[in-house]
> 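Once you've had a glance at the structure underneath, I'll fire off some questions.
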Amino acid sequence: METQILDIGEDSLSAAKNILEEDGLVAFPTETVYGLGADAFNGEAVKKIFEVKGRPQDNPLIVHVHKDYDIERIVCDIPSYSYKLAERYLPGPLTMVFKSRGRISPVVSCGLDTIGIRVPSHEGGQRFLKFVDMPIAAPSANISKHVSPVTAEHVYADFCGKIPLILNGGKCSGGIESTVLDCTGEVPCVLRSGLVTREMIAEVAGDCTVFVPKAGERVRSPGMKYKHYSPNCRTMLFEYERLEEAAAEYKKERAAGSRAYIMCDDGCAKRLLDKIPAEHMLLLGNSGEEIASNLYFKLREGERVADIIIAIAPEDRGGVMVGVMNRLTKACGG
Ligand code: AMP
Ligand code: MG
């Protein structure tokens with residue numbers, strides 16, 4: 001199969017719609033990462049997402065809709081705090097989980113009676129969803145366990161020859177996947193951290209909990225239990241306080257002939273300038289938002305150039321960094 005990368009316009013959107021209507025898959029941009037989409041009503045098409053990604057059969061997909069789509073057609077029991085959250089944060093990187101009306105294919109939710117709904121803010125992504133005017137089931141457009149894609153080229157690297165069309169919307173600005181919020185209870189509960197933080201949700205909803213799985217307890221967001229986000233090279237992760245040890249590890253690897261690279265935020269890089277040449281650094285930036293935006297891009301760059309990425313965790317741990325640390329830890333082997 002030939003895989004085309006096309007800019008978003010009338011012709012490419014018509015092609016996308018045709019592919020989706022014939023049970024096919026289309027990759028499309030969002031403000032977080034690229035998605036691999038199928039018609040969410042079409043179980044046969046949705047099955048192909050699991051096949052082509054090698055995704056575990058119990059890891060449900062998020063349903064993406066355009067901003068004027070009436071979600072009450074597909075989910076019910078929507079609590080009043082969700083309307084307030086939608087008003088404030090949608091379109092945007094927040095997925096809300098509601099009770100399903102049973103119309104979306106059960107393949108999407110892997111047998112759960114709930115559906116995660118997302119309204120992406122990316123202009124090209126919105127245009128695509130509006131044009132096809134169907135709910136689109138989509139996980140991130142990467143081979144399962146690999147780093148999520150933030151450019152059309154990243155999607156191509158994983159799915160060349162396996163999907164017909166990638167809609168090109170440039171580099172995703174958000175950089176890490178959406179916050180997943182369980183909205184089936186009286187108080188919303190964060191199942192996966194992201195750019196819309198617990199604090200931002202609590203500010204609007206009055207309260208917000210964070211799901212922390214206890215030993216033996218059923219995982220409420222099945223995707224969180226899997227190895228994830230891993231680059232195709234060796235990785236190590238050091239705490240910020242242990243940057244000297246990271247530098248020593250870099251030196252040891254280089255002496256052994258390995259292409260070792262240090263991945264860290266800009267502040268940390270300044271402290272290492274006398275030890276690590278700038279061209280061996282994968283710089284993540286300064287603020288939590290900047291680091292989130294750069295993380296997957298730099299992990300993908302790292303796997304192209306490095307035998308080993310030696311990452312140093314940023315010092316800041318609040319807000320968006322909760323989600324960043326979750327991804328960085330998993331990328332470096334948990
Ligand atoms: P991905 O599409 O790769 O970003 O993964 C989607 C994430 O959303 C996974 O962590 C899923 O477990 C989670 N998710 C999707 N649908 C649901 C749902 N109905 N209930 C709980 N978590 C969900
Ligand atoms: Mg994913």
Side-chain angles (χ1 to χ4, degrees), residues 25 27-38 40 46 49-50 52-65 71 74-78 82 93-120 122 125 135-150 154-155 158-159 172 174-185 188-196 209-213 217-231 292 295-296 299-300 323 326-327 330-331:
L25 308 183
F28 64 99
T30 79
E31 73 280 22
T32 58
V33 304
Y34 275 72
L36 181 61
V46 176
I49 295 179
F50 287 86
V52 74
K53 270 184 69 98
R55 185 173 175 101
Q57 296 290 333
D58 65 347
N59 189 4
L61 310 180
I62 290 169
V63 172
H64 295 66
V65 296
I71 63 160
I74 51 178
V75 290
C76 54
D77 299 348
I78 302 171
S82 284
L94 173 65
T95 296
M96 290 196 259
V97 174
F98 303 112
K99 189 158 168 37
S100 173
R101 284 195 189 274
R103 296 188 184 137
I104 293 292
S105 165
V107 184
V108 171
S109 49
C110 303
L112 297 175
D113 61 358
T114 53
I115 301 274
I117 304 278
R118 169 149 152 66
V119 186
H122 188 286
I136 297 291
S140 50
N142 52 278
I143 298 288
S144 194
K145 299 185 183 64
H146 193 208
V147 183
S148 298
V150 294
H154 292 163
V155 182
D158 279 19
F159 291 119
C172 306
I176 59 171
E177 298 83 351
S178 61
T179 305
V180 178
L181 189 69
D182 184 345
C183 296
T184 60
C189 175
V190 174
L191 302 179
R192 175 175 75 185
S193 324
L195 294 172
V196 178
T209 56
V210 177
F211 181 68
V212 184
E217 193 180 350
R218 194 173 67 92
V219 182
R220 271 165 57 192
S221 186
M224 297 306 285
K225 69 180 184 238
Y226 293 107
K227 183 177 153 73
H228 252 117
Y229 321 120
S230 304
L295 182 66
Y296 291 149
L299 284 169
R300 290 252 181 182
N326 165 273
R327 294 350 184 253
K330 288 192 179 181

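Note that ligands are numbered from 1 as they come in the structure, with each ligand's atoms numbered from 1 the same way.
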> N/O of Arg192 under 3.5 Å from N/O of ligand 1, yes or no?
yes

> Working to the nearest 0.5 Å, report the span between CE of Met96 and OG1 of Thr179.
10.5 Å

> Only heavy atoms of Leu112, strictly under 4.0 Å: list the atoms of ligand 1 that pass.
18 (C), 19 (N), 20 (N)

> Of the side chain and backbone of Thr114, name the one, both, or neither that has a heavy atom under 4.0 Å from an atom of ligand 1.
both

> Considering all heavy atoms of both residues, which atom of Lys53 and which atom of Ser140 are nearest to each other, and what is their separation?
NZ-O, 2.6 Å

> What count do you get for protein N/O/S atoms less than 2.8 Å from the Mg ion (ligand 2)?
1

> Aromatic ring centroids of His64 and Phe28 under 6.0 Å?
yes

> Where is the tightest heavy-atom contact between Asn59 and Arg55, given as atom of each residue plus distance?
O-NE, 3.0 Å

> Which is closest to atom 6 (C) of ligand 1 in terms of heavy atoms, Arg55, Glu177, Lys53?
Arg55

> I'd like the name of whichever of Pro60, Ala138, Pro56 reaches closest to atom 23 (C) of ligand 1 through any heavy atom.
Pro60

> Nearest heavy-atom pair of Leu195 and Ala292: which atoms, and what distance?
CD2-CB, 3.9 Å

> In Å and rounded to the nearest 0.5 Å, what is the OG to CD1 distance from Ser178 to Ile117?
12.0 Å

> Measure the distances from the heavy atoms of Ser140 to every atom of ligand 1 and state whether one is below 4.0 angstrom.
yes

> For ligand 1, is any non-hydrogen atom under 4.0 Å from Leu191's backbone (N, CA, C, O), its side chain (CB onward), both, or neither?
side chain

> Under 3.5 Å, is there a donor-acceptor pair between the side chain of Asp158 and the main chain of Ile143?
yes

> Any chance you could measure Ile115, atom CD1, to Thr95, atom OG1, to the nearest 0.5 Å?
12.0 Å

> Has the side chain of Arg103 got a donor or acceptor atom that lies under 3.5 Å from a matching backbone atom of Val75?
no

> With heavy atoms of Val180 as the reference, note each atom of ligand 1 found under 4.0 Å away.
8 (O)

> Output the list of atoms in ligand 1 that are nearer than 4.0 Å to some heavy atom of Asn59, sorted by atom number.
9 (C), 11 (C), 12 (O)

> Less than 4.0 angstrom from a charged side-chain N to a carboxylate O is my criterion; do Arg118 and Glu177 meet it?
no

